[in-house]
Amino acid sequence: QVQLVESGGGLVQTGGSLRLSCAASGRTFSTYVMGWFRQAPGKEREFVAAASWNGDSTYYGDSVKGRFAISRDNAKNTVYLQMNSLKPEDTAVYYCAARAGLSVYFTPLRYDYWGQGTQVTVSS
């Protein structure tokens, strides 16, 4: 069982930056693929980024490539999402997710554990 707690959301102006953190409980953090998803009102949950178990491989949704960066610190059981050049369309609740195993997937259906979400609002 893994518990995930996100932090770092908030209100930021267009072009600004935020760094989200996701702290995981448990001793097996390094065995999980970690992902970030987001969901805006009335829309489906969207893949944002994912990192392999050791962080050497990272993946991004098309809408955030070049602006967002995922990283993880297995010693701290934490995964991060650095968000730069934020746009109003980035406004959403951002969720951290964990998936047991080595394979990386971009669909939320493949993830086993979820955090409660943190709100990110980008004003124009």
Side-chain angles (χ1 to χ4, degrees):
Q1 192 80 3
V2 176
Q3 291 185 327
L4 305 173
V5 178
E6 302 98 334
S7 61
L11 174 65
V12 64
Q13 292 185 336
T14 296
S17 298
L18 281 176
R19 188 194 196 201
L20 305 183
S21 299
C22 173
S25 65
R27 301 179 181 178
T28 58
F29 179 74
S30 62
T31 65
Y32 288 85
V33 167
M34 297 302 298
W36 287 96
F37 291 79
R38 67 186 182 186
Q39 189 166 18
K43 295 188 176 181
E44 294 186 352
R45 194 161 294 192
E46 175 190 17
F47 170 73
V48 175
S52 61
W53 70 275
N54 60 359
D56 283 355
S57 298
T58 56
Y59 308 83
Y60 297 95
D62 289 341
S63 60
V64 306
K65 281 180 182 176
R67 300 188 298 122
F68 290 12
I70 186 172
S71 61
R72 63 189 294 167
D73 185 339
N74 287 348
K76 295 183 178 180
N77 281 14
T78 303
V79 62
Y80 305 97
L81 185 68
Q82 178 66 44
M83 306 186 294
N84 300 324
S85 303
L86 283 161
K87 306 174 181 179
E89 50 264 44
D90 294 318
T91 296
V93 177
Y94 283 71
Y95 297 91
C96 172
R99 182 183 184 284
L102 299 178
S103 299
V104 178
Y105 290 90
F106 307 144
T107 170
L109 298 176
R110 289 286 193 169
Y111 285 77
D112 305 301
Y113 304 101
W114 291 84
Q116 82 287 353
T118 185
Q119 176 70 46
V120 171
T121 302
V122 184
S123 63
S124 57

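The model shown is predicted, which means the values in this text are computed figures rather than measured ones.
- We find the CG-OG distance between Asp73 and Ser30 to be 11.5 Å, quoted to the nearest 0.5 Å.
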TODO: Begin with the C-alpha distance, continue with both residues' side-chain angles, and end with the deciding distance and a verdict on side-chain contact (heavy atoms from CB on, under 4.5 Å) for Trp36 and Ile70.
DONE: CA-CA 8 Å; Trp36 287 96; Ile70 186 172; 3.6 Å; yes
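- Between Ala50 and Val104 the shortest heavy-atom distance is CB-CG1, 3.7 Å.
- Between the side chain of Tyr111 and the backbone N or O of Met34, no donor-acceptor pair lies under 3.5 Å.
- Taking 4.5 Å as the limit, some side-chain heavy atom of Phe29 sits within range of a side-chain heavy atom of Arg72.
- For the atom pair CZ (Phe68) and OG1 (Thr58), the distance works out to 14.0 Å, reported to the nearest 0.5 Å.
- Taking all atoms of both residues into account, the shortest heavy-atom contact from Val33 to Ser103 is CG2-O, 3.5 Å.
- Pairing each heavy atom of Leu81 with each of Ala49, the nearest pair is CD1-CB, 4.1 Å.
- The cationic group of Arg19 lies under 6.0 Å from the six-membered ring centre of Tyr80 and within 45° of the ring axis, placing it in a cation-pi geometry.
- Checking each of Thr121, Leu18, Thr91, Thr14 against Leu86 for a side-chain contact (heavy atoms from CB on, under 4.5 Å) leaves exactly one that passes, namely Leu18.
- Distance CG/Asp90 to OG/Ser85: 9.5 Å, rounded to 0.5 Å.
- When side chains are defined from C-beta on, Tyr32 counts as touching Val2, because their heavy atoms get closer than 4.5 Å.
- Side-chain atoms of Asn84 and Ser17 include a donor-acceptor pair closer than 3.5 Å.
- Under 3.5 Å, the side chains of Ser63 and Glu46 contain a donor-acceptor pair of N or O atoms.
- Both Leu20 and Tyr113 are members of a single hydrophobic cluster when ILVMFWY side chains are connected at heavy-atom separations under 4.5 Å.
- Counted by atom type alone, Tyr94 and Arg38 present one or more donor-acceptor pairs between their side chains at under 3.5 Å.
- Within the 4.5 Å cutoff, no side-chain heavy atoms of Val48 are placed close to those of Met83.
- Across every non-hydrogen atom of Val79 and Cys96, the tightest pair is CG1-SG, 3.8 Å.
- Taking the six-membered ring where the residue is Trp, Phe37 and Trp114 present tilted rings, their angle falling between 30° and 60°.
- Considering every non-hydrogen atom in both Leu11 and Ser123, the closest pair reads CD1-CB, 4.3 Å.
- Note that the CD atom of Gln3 and the CG atom of Asn77 stand 12.5 Å from one another [nearest 0.5 Å].
- For the pair Tyr60 and Arg67, the minimum side-chain heavy-atom distance is 4.5 Å or more.
- In this structure, Lys65 pairs ionically with Asp62, as a charged nitrogen and a carboxylate oxygen lie closer than 4.0 Å.
- For the pair Glu6 and Tyr95, the tightest heavy-atom approach, listed with the atom from each and the gap, is OE2-CA, 3.3 Å.
- Between Tyr59 and Phe106, the angle of the ring planes lies from 30° to 60°, which puts this pair in the tilted group.
- Side chains of Ser52 and Asn54: a donor on one and an acceptor on the other come within 3.5 Å.
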